[in-house]
Visitor: 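Take this structure first; my questions come after.
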Number of protein chains: 2
Amino acid sequence: MEEKEISKAVIRRLPRYYRYLGELMESGVERISSNELSERMRVTASQIRQDLNNFGGFGQQGYGYNVKYLYDEIGRLLGLDKKHNVIIIGGGNLGQALANYPAFEKRGFIVKGIFDINPKLSGRTVRGIPIMPMEQMEEFIRENDIQIATLTLPKTSATEVADQLISYGVRAIWNFAHTDLNVPEGVMVENVHLSESIMRLSYNLTRYEEEHKSGKKEKK
Amino acid sequence: MEEKEISKAVIRRLPRYYRYLGELMESGVERISSNELSERMRVTASQIRQDLNNFGGFGQQGYGYNVKYLYDEIGRLLGLDKKHNVIIIGGGNLGQALANYPAFEKRGFIVKGIFDINPKLSGRTVRGIPIMPMEQMEEFIRENDIQIATLTLPKTSATEVADQLISYGVRAIWNFAHTDLNVPEGVMVENVHLSESIMRLSYNLTRYEEEHKSGKKEKK
DNA sequence: TAGATTGTTAATCGATTAACAATC
DNA sequence: TAGATTGTTAATCGATTAACAATC
């Protein structure tokens, strides 16, 4: 009845909670209070409690949170309790690097195939994953229950390929191309714009240098 | 006198403005109003005007914004008018993929060297960029005016290596390792946590599926 | 039970949007 | 000049933090 819409800001933080809880588990910590966690993560305890309460009462008064339980619950929210079949479009350096990344498999993201316009790459494999020509994409998606497509190709072809992918039934696009995709309702896009990321770093570096240039500038 | 602190949200948007303005330039557009740009970028015109005004009056009443001028100004803010020397720590797949990325060079980010703990990689090159052993890092940083270090190595060594880099004078870290870095004031960190990114995608996909499962669920 | 800590409401802060006077 | 569009102030919205009653 009451659809409590969860804000993007909260969702953005979920994977980070998951990471910290995983580390706590590894070091054998069984329970943790929002206060302790807040010190480790450098966020307020209030925010932690607010965030978690969006999804239900995961804690217990007077006790705190059970680390394993909370870890599993957040994992479930993030869809990490299920396998997701992934394809990578674009078999260049970045595409191959992602295909080679074992950590994704551990979290349930299984790379099933790589597609590239370059016919010379066809037939090769990366970590046992076949590189195939674009023509086989549709059949492959339909037959292998592919939910997520990773776009590691030039922006010039990204839009067109994304449209194809969606028409073949892909519901989620992990977009590394330097362009924004317009997708219909019900299709998810997560952008990784690396060039924008390094520009933000460059901005901060430049601002800092400007403010501190010519040695130590005395503050009046 | 009045230090107008610019919010992180604004800075996050700057590179995207830059991208759109670059595309407008390429297609020969000379001027644009906040209204037109807002339609293309799917943000409000009000936000565009507010954002840009943080940095000064880039527009002109009755006319709008000169595309080339605005592009250059934002580029300058982002520090793209200067060259930045970059090293990559970790010569694995991702490190090599970034080294191979020509778009960075175009923006003034010059990869000068790659460092890896694996001595077998030493002496090899990627796109003419030498891979060197970690022992040479300090000297290389000091002699080549390195400002930015890219961390593409396992989280287990990331913290330690970051500390080293900072002590050698690196002021900005582009962190791809799955961990948060604690750095002193004056050192910039930009995180690219790919596993968190794909988890957000997975979250949205999973939520959407839950809401629409068992075919079309009628809404009362 | 007493102490601890959550869940949750209320207060504050910041960011976005709307409105319009300034001005090209 | 009249029309267009910015720069900027005010209003709204949303997110974070503080506070505390509920409860384990």
Side-chain angles (χ1 to χ4, degrees), chain A residues 1-17 20-21 24 29-74 77 200 203-204, chain B residues 1-17 20-21 24 29-74 77 200 203-204:
Chain A
M1 200 153 229
E2 4 96 58
E3 292 280 309
K4 41 175 176 176
E5 194 61 50
I6 285 142
S7 86
K8 269 195 169 183
V10 174
I11 295 161
R12 200 164 34 241
R13 288 192 287 266
L14 274 187
R16 189 158 177 264
Y17 289 128
Y20 272 84
L21 289 163
L24 284 166
V29 177
E30 277 182 15
R31 51 177 271 202
I32 193 154
S33 69
S34 56
N35 231 320
E36 256 178 284
L37 190 57
S38 91
E39 278 169 30
R40 286 174 185 263
M41 294 186 66
R42 306 185 172 223
V43 298
T44 64
S46 200
Q47 180 166 79
I48 292 174
R49 294 203 297 278
Q50 284 276 24
D51 282 358
L52 297 179
N53 249 83
N54 280 293
F55 306 100
F58 291 153
Q60 199 169 317
Q61 282 98 330
Y63 173 88
Y65 299 88
N66 178 290
V67 173
K68 172 91 174 77
Y69 174 74
L70 188 55
Y71 177 82
D72 288 343
E73 284 298 311
I74 295 178
L77 285 167
R200 282 190 286 272
Y203 173 89
N204 288 125
Chain B
M1 200 154 233
E2 3 97 56
E3 292 281 309
K4 40 177 177 177
E5 194 61 50
I6 286 140
S7 86
K8 269 196 167 180
V10 173
I11 295 161
R12 200 166 32 242
R13 288 191 288 267
L14 274 188
R16 188 159 178 265
Y17 289 128
Y20 273 84
L21 289 163
L24 284 166
V29 178
E30 277 182 17
R31 50 176 272 201
I32 193 152
S33 68
S34 56
N35 232 320
E36 257 178 283
L37 191 57
S38 91
E39 276 168 31
R40 286 174 186 264
M41 295 185 66
R42 306 188 174 221
V43 298
T44 64
S46 200
Q47 180 166 79
I48 292 174
R49 294 203 298 277
Q50 283 276 24
D51 282 358
L52 297 179
N53 249 83
N54 280 294
F55 306 100
F58 291 153
Q60 199 168 317
Q61 283 99 330
Y63 172 88
Y65 299 88
N66 180 289
V67 173
K68 172 91 174 76
Y69 174 74
L70 188 54
Y71 177 82
D72 287 342
E73 284 298 310
I74 295 179
L77 284 168
R200 281 190 287 271
Y203 173 91
N204 288 124

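A, B, ... follow the sequence lines: proteins, then strands. Residue 1 opens every chain.
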Visitor: Could you tell me how far apart B/Asn66 (CG) and C/dC24 (P) are, to the nearest whole angstrom?
Guide: 16 Å
Visitor: Can a donor-acceptor pair be found, under 3.5 Å and without considering hydrogens, that links the side chain of B/Arg49 to the backbone of B/Gly59?
Guide: no
Visitor: Which parts of nucleotides 15-20 of chain C does protein reach within less than 4.0 Å, heavy atoms only, written one letter per nucleotide 5' to 3' as B for base, S for sugar-phosphate only and - for none?
Guide: SSBBBB
Visitor: Within a strict 4.5 Å, meaning less than it, do heavy atoms of the A/Leu52 and A/Ile48 side chains meet?
Guide: yes
Visitor: Between D/dT6 atom P and B/Glu36 atom CD, what is the distance in whole Å?
Guide: 9 Å
Visitor: Send over the distance from A/Asn53 CG to D/dA21 P, rounded to a whole Å.
Guide: 18 Å
Visitor: Between atom CG in B/Asn54 and atom P in D/dT6, what is the gap in whole Å?
Guide: 16 Å
Visitor: What I'd like to find out is whether the side chain of B/Val29 reaches to under 4.5 Å of the side chain of B/Glu36, using heavy atoms alone.
Guide: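 Not in contact.
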Visitor: What's the shortest heavy-atom distance between B/Tyr203 and A/Phe55, and which atoms?
Guide: OH-CE2, 3.6 Å
Visitor: Please report the interatomic distance OG(A/Ser33) to CD(A/Glu39), rounded to the nearest 0.5 Å.
Guide: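 One finds 8.0 Å between OG of A/Ser33 and CD of A/Glu39.
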Visitor: Grab the two heavy atoms, one from B/Tyr63 and one from B/Arg31, that are nearest each other, plus how far apart they are.
Guide: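 In this case the closest contact between B/Tyr63 and B/Arg31 is O-NH2, 3.1 Å.
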Visitor: Of all the nucleotides listed (C/dG7, D/dT6, D/dT5), which has the minimum atom distance to the side chain of A/Gln61?
Guide: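 Within the option list, the nearest is C/dG7.
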Visitor: In whole angstroms, how far is the P atom of D/dC13 from the CD atom of A/Glu5?
Guide: 17 Å
Visitor: Between B/Ile32 and B/Leu70, is any pair of side-chain heavy atoms under 4.5 Å apart?
Guide: no
Visitor: Ignoring backbone atoms, establish whether B/Tyr65 has a side-chain N or O less than 4.0 Å from OP1 or OP2 of D/dA4.
Guide: no
Visitor: Report the distance from atom CG of A/Leu21 to atom CZ of A/Arg40, rounding to the nearest 0.5 Å.
Guide: 10.5 Å
Visitor: B/Gln60 has an atom CD; how far is it from atom P of C/dT23, in whole Å?
Guide: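 From B/Gln60 CD to C/dT23 P: 13 Å.
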Visitor: Between side-chain atoms of residues 6-15 of chain A and protein atoms elsewhere (two or more places apart, or another chain), which donor-acceptor pairs fall under 3.5 Å?
Guide:
unit_1, atom_1, unit_2, atom_2, d
A/Ser7, OG, A/Ala9, N, 3.4
A/Ser7, OG, A/Val10, N, 3.3
A/Arg13, NE, A/Asp51, OD2, 2.7
A/Arg13, NH2, A/Asp51, OD1, 3.0
A/Arg13, NH2, A/Asp51, OD2, 3.3

Visitor: What is the distance, to the nearest angstrom, from the CG atom on A/Asn35 to the P atom on C/dT6?
Guide: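 A/Asn35 atom CG is separated from C/dT6 atom P by 7 Å.
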Visitor: Whole angstroms only, please: what is the OH-C1' distance between A/Tyr63 and C/dA2?
Guide: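 Distance, rounded to whole Å: 20 Å.
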Visitor: What dot-bracket string describes DNA chain D from 5' to 3', counting Watson-Crick and G-U wobble pairs whose defining distances are under 3.5 Å, with [ ] for crossing pairs and | for pairs to another strand?
Guide: ..||||||||||||||||||||||
